[in-house]
Amino acid sequence: MNRIVIIGGGASGLCAALSAGNNGAEVVVLEHNDRLGRKLQATGNGKCNLSNAFLSDACYRGGDHGFVDAVFQNMSPEQVREFFTGNGLMLKEKNGYFYPYSEQAASVVQFFASRLMNDKNVTIRLQAEVTGVTAGAGSDPKDDAGSKERKPGFTVFYNDRATGEKEQIACDRVIVAAGGLAGENLGAGPLGYEIAKSFGHRVTKLFPALVQLECKGAGTKAVSGVRADVRLRLRVQDGNRKQSADGNHKPQSKASGLFTEYIESGEVLFTDYGISGIAVMQVSRFASEALLSGGKAELLLDFMPGLKEQDLFGQMKTLLTAQWKQIPLEDALAGLLPKKLLYKLICEAGLDATKRAGDIRDESIRKLVAMIKEYRLTVTGTKDFPSAQVTAGGIELKEINPVTLESKRIKGLYFTGELLDVDGMCGGYNLQFAFATGLLAGRAAAKQRK
Ligand SMILES: Cc1cc2nc3c(=O)[nH]c(=O)nc-3n(C[C@H](O)[C@H](O)[C@H](O)COP(=O)(O)OP(=O)(O)OC[C@H]3O[C@@H](n4cnc5c(N)ncnc54)[C@H](O)[C@@H]3O)c2cc1C
């Protein structure tokens with residue numbers, strides 16, 4: 001027998017299944033949802049941004065850049081894309097971001113499901129909720145998973161949700177592709193980490209990343225629903241007072257004193273609880289990390305990044321004191337920013353929005369300009385895992401072989417995707433990592449000799 005059980009029919013598990021099946025192994029995929037790739041189908045706002053033409057160290061955060069480099073040296077983003085196109089899924093690139101040609105995530109799921117169902121080596125069991133794995137084929141669930149005196153192979157235990165029966169399956173190798181905690185409503189859960197721990201692996205602190213930020217007193221409520229294009233700076237102070245500008249977070253970061261800054265540009269959306277949008281999500285894991293350590297985080301928003309402060313002052317002064325001095329301030333500045341936002345900034349600068357524009361003094365114009373160029377929000381927290389796109393932290397990388405994804409502790413046990421202590425930025429990086437690790441693990445597990 002060369003049977004591989006893959007736990008999880010998501011991004012990395014589906015790649016592992018195709019890869020192991022193509023390499024001649026008998027594969028069983030256990031997925032607790034009633035269909036494959038539920039999360040995959042929700043990615044990229046339903047379009048599935050599955051890869052990116054640009055790749056650098058800065059695109060990934062987590063435990064160890066050497067590990068990520070080694071994965072991509074053995075399964076490059078180009079090879080992952082060739083895997084899709086070579087198996088018949090056409091892709092399209094838009095500004096460096098790759099999608100299925102249809103721009104429908106559902107077609108990626110359909111691609112996997114159809115290829116796997118036509119592979120005689122692969123069996124898919126849906127509604128199979130895995131509860132644990134023990135060492136030794138045909139062993140008892142109470143056996144010590146990490147026991148030194150191991151029998152060969154593994155036993156995977158699961159509940160069949162359709163029948164309510166407890167089931168078990170013996171195999172030679174196990175690929176744990178059960179994903180992280182992000183996106184709970186799509187099937188995410190802690191199982192993968194529990195299996196890793198039961199075999200003696202260390203799991204680092206888990207926290208939500210690519211997630212919305214909560215802000216103090218939700219001062220953003222008044223502008224809830226407003227979108228704005230900004231340049232934002234997240235300033236964090238680590239609670240342990242350690243500098244975090246260790247090269248892991250470059251190039252968008254710079255450190256000064258006890259603070260580290262992360263800079264992004266793009267659209268933000270104000271909400272009742274705080275702030276959202278891709279630019280916010282990109283820096284969110286650093287806020288998460290700082291707040292978890294007992295530190296601080298604040299956002300500084302520049303609402304008119306294209307104009308220098310002095311130039312904005314000059315233009316505003318001309319507008320208010322020369323051209324439109326007879327009309328109220330908020331009317332004179334109409335069109336500068338979304339109406340609700342402009343009104344809030346005028347009020348927070350201590351000005352009266354209804355005052356005659358020509359009566360506004362230089363000092364007050366300067367205050368408003370400062371507010372527009374550097375609006376501060378204190379970050380108090382992040383939304384939790386159900387709202388996050390990815391889990392930061394995970395299975396410690398030093399005990400995993402980056403070329404095969406096999407555990408260095410337990411031969412025949414593999415871990416892929418988001419379970420590992422690697423999290424990518426928005427832009428297709430998380431799927432790219434999940435696919436690459438799945439393909440590597442599937443191939444290695446199929447080729448492994450007993
Ligand atoms: C809303 C949303 C949008 C996203 N958009 C993008 C994007 O556009 N681009 C990008 O790169 N990344 C995106 N991501 C992140 C990306 O989807 C994940 O990083 C990636 O899917 C991780 O792959 P994985 O195989 O590790 O886990 P998953 O894809 O989560 O697969 C794990 C599978 O294991 C199953 N499972 C869990 N527990 C059990 C159990 N006990 N028994 C049996 N099965 C189990 C789950 O149901 C799931 O099918 C997005 C995430 C979310 C939540």
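Position 1 is the first residue of the sequence, and the numbers go up from there. As the structure is a computational prediction, the values presented were derived from the model and not from experiment.
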Trainee: Answer with yes or no whether the side chains of S51 and R81 bring together a donor and an acceptor at under 3.5 Å.
Mentor: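 Distance-only check passes for R81 and S51.
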Trainee: Is it true that atom CD1 of I278 has more than 12 heavy atoms of other residues, nucleotides or ligands lying nearer than 6.0 Å?
Mentor: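 Atom CD1 in I278 is not crowded, with 12 or fewer foreign heavy atoms closer than 6.0 Å.
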Trainee: Just wondering, do P208 and D384 contact through their side chains at under 4.5 Å, heavy atoms?
Mentor: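 Counting from C-beta outward, D384 and P208 do come under 4.5 Å.
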Trainee: Do R227 and F270 meet the cation-pi criteria used here (NZ or CZ under 6.0 Å from the six-membered ring centre, within 45° of the axis)?
Mentor: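 Geometry flag: not set, cation outside 6.0 Å or 45°.
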Trainee: Taking the side chain as everything from C-beta on, heavy atoms only, tell me whether T260 gets closer than 4.5 Å to F286.
Mentor: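 Of all side-chain heavy-atom pairs linking F286 with T260, none is under 4.5 Å.
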Trainee: What I'd like to find out is whether the side chain of M316 reaches to under 4.5 Å of the side chain of L333, using heavy atoms alone.
Mentor: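 The answer is yes, as the side chains (C-beta and beyond) meet within the 4.5 Å cut-off.
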Trainee: Does F72 have its ring centroid less than 6.0 Å away from the ring centroid of Y60?
Mentor: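 Centroid distance F72-Y60: below 6.0 Å, so yes.
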Trainee: Would S12 and T416 count as having a side-chain donor-acceptor pair, cut-off 3.5 Å?
Mentor: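 Yes - a donor-acceptor pair under 3.5 Å links their side chains.
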Trainee: Which residue is it: R361, R356, K355? I am looking for the one with a salt bridge (Lys or Arg N to Asp or Glu O under 4.0 Å) to D359.
Mentor: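 Result for salt bridge (Lys or Arg N to Asp or Glu O under 4.0 Å) with D359: R356.
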Trainee: Could you walk me through whether Y99 and Q104 satisfy the side chain to side chain donor-acceptor pair (under 3.5 Å) test, starting with their C-alpha distance in whole Å, then the side-chain angles of each, then the deciding distance to 0.1 Å, before giving a yes or no?
Mentor: CA-CA 8 Å; Y99 301 88; Q104 289 186 327; over 6 Å; no
Trainee: Is there side-chain contact between V203 and E396, with heavy atoms separated by less than 4.5 Å?
Mentor: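 No; the side chains remain at least 4.5 Å from each other.
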Trainee: Just by distance, with hydrogens left out, do R125 and Y158 show a side-chain donor and acceptor under 3.5 Å apart?
Mentor: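 Present: a donor and an acceptor within the cut-off.
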Trainee: Is the distance between the ring centroids of H201 and F415 less than 6.0 Å?
Mentor: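 For H201 and F415, the ring centres are under 6.0 Å apart.
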Trainee: Verify the distance criterion only: is there a donor paired with an acceptor across the side chains of E418 and T391 at less than 3.5 Å?
Mentor: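 Yes, a side-chain donor-acceptor pair sits under 3.5 Å.
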Trainee: Can you name the nearest heavy-atom pair linking V283 to Y262, along with the distance?
Mentor: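 That would be CG1-CB, 3.8 Å.
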Trainee: For L307, does its backbone N or O pair with a side-chain atom of K373 as donor and acceptor, under 3.5 Å?
Mentor: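 Side chain of K373 to backbone of L307, a donor-acceptor pair under 3.5 Å: yes, one is there.
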Trainee: Can you name the nearest heavy-atom pair linking V379 to A287, along with the distance?
Mentor: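 So the minimum-distance heavy-atom pair works out to CG1-CB, 4.3 Å.
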Trainee: State yes or no: are the ring centers of F435 and F83 separated by less than 6.0 Å?
Mentor: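 No: the rings miss the under 6.0 Å criterion.
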Trainee: Whether K383 engages the ring of Y273 as a cation-pi pair (distance to the six-membered ring centre under 6.0 angstrom, angle to the ring normal within 45°) should be assessed.
Mentor: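 Because its charged atom sits under 6.0 Å from the ring centre and within 45° of the axis, K383 does stack over Y273.
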